[in-house]
Amino acid sequence: MVETSARLLKLLSLLQTPRDWSGPELAERLGVTTRTVRNDVDRLRSLGYPVHATPGVAGGYKLGAGAKLPPLLLDDDEAVAIALSLSTQDSETADRALRKLEQVLPSRLRHRVAALQEFTVGTATELDPEVTVQIVNACRARERLRFDYVKFDGARDRREVEPYRLVHTRGRWYLVAWDVARQDWRTFRADRMQPRIPTGPRFTPRELPDLEAHLAQGLATAAWRFRATVTVHAPAHEVAARVPAALVEAVDETTCRMTAGSDTPQMLAVYLGMLDSDFEVDGPPELVQHLGKTADRFRGAINTADHG
């Protein structure tokens, strides 16, 4: 429901510009299908918004001229969730919609949205806004967060953490938190989390680790289904520049150890292909098997090539 309301606000923001919008144009801007656009237009009309449609190649959608637009009816939690969702999206349309929403938000809700934004780092679009608000609310309130978590192998787990920051990097949202059971800092993929209500007791804040270093280590070693440790015969700084998604540690001036993670062995092989250096792979077995198959394909391609 919150996601639909946020999309309706973005659609209204587009329709208020002085031009006609075709269905495919709106679908591309909103990241939905043309059928969803038609359904959203019908929703706006049912709320009293005069959305006119002109058929034909040169036609499209636009708001009726001079009409007084009725408000969207949102409760407090919906308004905060939508505002937070819009603030984490990197687009001009979302920014315009957010500015318009902030103009009509009561003061208490504007302060609440601003407080929540302090605990998010980065911009993205894929995370459920309701999940976003539940996680960030727990960060703001300094309350333990309990959630069901889908691990990299598909198994489900129940976790309890002290949440600190919701960070977007490398195309995903991650929660940086202190794991109560493991007594250590952990990184969780937010799209695999399902928060449980109510939250736990309040906690005394700990000193945050360096977020960039913590995430680099967590993403290279803990957040993926497959993890590979590779000895690379090249200086550490060169390898880090070629594969920024990996954790690289120097062994000596000409050798380093690289740890990389991915949901597939194929992507790990892509990382290795970027090295442009000799290397030895310690595992996992799935990667070793995939590299063997890939090597056979390459050898076959070379043997069948016409060298003139």
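Computed from heavy atoms alone, side chains included, the values below leave out hydrogens, waters and symmetry copies.
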Would you call [X] and [Y] a side-chain contact if the rule is heavy atoms closer than 4.5 Å?
X: Ser277; Y: Glu238; result: no
X: Met258; Y: Leu272; result: yes
X: Trp21; Y: Leu15; result: yes
X: Leu30; Y: Leu14; result: yes
X: Tyr61; Y: Val37; result: yes
X: Tyr164; Y: Arg142; result: yes
X: Glu286; Y: His290; result: no
X: Lys293; Y: Asp296; result: no

Are [Y] and [X] co-members of a hydrophobic cluster defined by side-chain heavy atoms under 4.5 Å apart?
X: Val251; Y: Val239; result: no
X: Met274; Y: Val230; result: yes
X: Val180; Y: Ile135; result: no
X: Val270; Y: Val248; result: yes

Spatial distance of atom [atom1] ([X]) from atom [atom2] ([Y]) [nearest 0.5 Å]:
X: Tyr174; Y: Leu166; atom1: OH; atom2: CG; answer: 11.5 Å
X: Leu26; Y: Leu11; atom1: CG; atom2: CG; answer: 6.0 Å
X: Asp252; Y: His233; atom1: CG; atom2: NE2; answer: 9.5 Å
X: Lys10; Y: Leu8; atom1: NZ; atom2: CG; answer: 11.5 Å
X: Phe298; Y: Leu291; atom1: CZ; atom2: CG; answer: 10.0 Å
X: Phe147; Y: Arg158; atom1: CZ; atom2: CZ; answer: 10.5 Å

Q. Within the distance-only criterion (no hydrogens, no angle test), does the side chain of Tyr149 pair as donor or acceptor with the backbone N or O of Arg189 below 3.5 angstrom?
A.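 Checking the backbone N and O of Arg189 against the side chain of Tyr149, a donor-acceptor pair under 3.5 Å is found.
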Q) Donor-acceptor pair, Trp185 side chain versus Pro209 backbone, under 3.5 Å? A)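 Answer holds: no.
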Taking [atom1] in [X] as the centre, count heavy atoms belonging to other residues, nucleotides or ligands within less than 6.0 Å. Is the count above 12?
X: Arg35; atom1: CZ; value: no
X: Gln183; atom1: CD; value: yes
X: Gln266; atom1: CD; value: yes

(Q) Is it the case that the side chains of Thr36 and Arg7 hold a donor-acceptor pair, with the cut-off being a distance below 3.5 Å and no angle test? (A)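 On atom types as modelled, these side chains do not qualify, holding no pair under 3.5 Å.
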Q.
Between Arg257 and Asp282, does any side-chain N to carboxylate O distance fall below 4.0 Å?
A.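 Result for this pair is yes, salt bridge flagged.
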Q.
Salt bridge check, Asp42 against Arg45: does any charged N sit closer than 4.0 Å to a carboxylate O?
A.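 Salt bridge present between Arg45 and Asp42.
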Q.
Centroid separation under 6.0 Å, is that true for the rings of Trp178 and Phe203?
A.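 No, too far apart.
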Q: Using the side chain to side chain contact (heavy atoms under 4.5 Å, CB included) rule, pick out the option among Val136, Leu145, Val167, Thr187 that qualifies with Leu175.
A: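 Going through the options one by one, the only one that passes is Leu145.
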Q) Yes or no on salt bridge (Lys or Arg N to Asp or Glu O under 4.0 Å) for Asp184 and Arg182, after CA distance, side-chain angles and deciding distance? A) CA-CA 6 Å; Asp184 197 5; Arg182 292 157 180 80; over 6 Å; no
Q.
The test is salt bridge (Lys or Arg N to Asp or Glu O under 4.0 Å); show your working for Glu25 and Arg29 and say whether it passes.
A. CA-CA 6 Å; Glu25 286 177 324; Arg29 287 295 191 98; over 6 Å; no
Q | Test side-chain contact (heavy atoms from CB on, under 4.5 Å) applied to Val161 and Phe188, step by step | A | CA-CA 10 Å; Val161 303; Phe188 300 94; 3.7 Å; yes
Q. Does the pair Thr255 and Val232 meet the rule for a side-chain contact (heavy atoms from CB on, under 4.5 Å), with working shown?
A. CA-CA 6 Å; Thr255 309; Val232 186; over 6 Å; no
Q: Identify which one of Glu143, Arg144, Gln134 satisfies the side-chain hydrogen bond (donor to acceptor under 3.5 Å, both in side chains) criterion when paired with Thr199.
A: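 When Glu143, Arg144, Gln134 are each tested with Thr199, the side-chain hydrogen bond (donor to acceptor under 3.5 Å, both in side chains) holds only for Glu143.
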Q | Of Gln194, Arg196, Arg156, the residue whose pairing with Asp148 passes side-chain hydrogen bond (donor to acceptor under 3.5 Å, both in side chains) | A |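 Result for side-chain hydrogen bond (donor to acceptor under 3.5 Å, both in side chains) with Asp148: Arg196.
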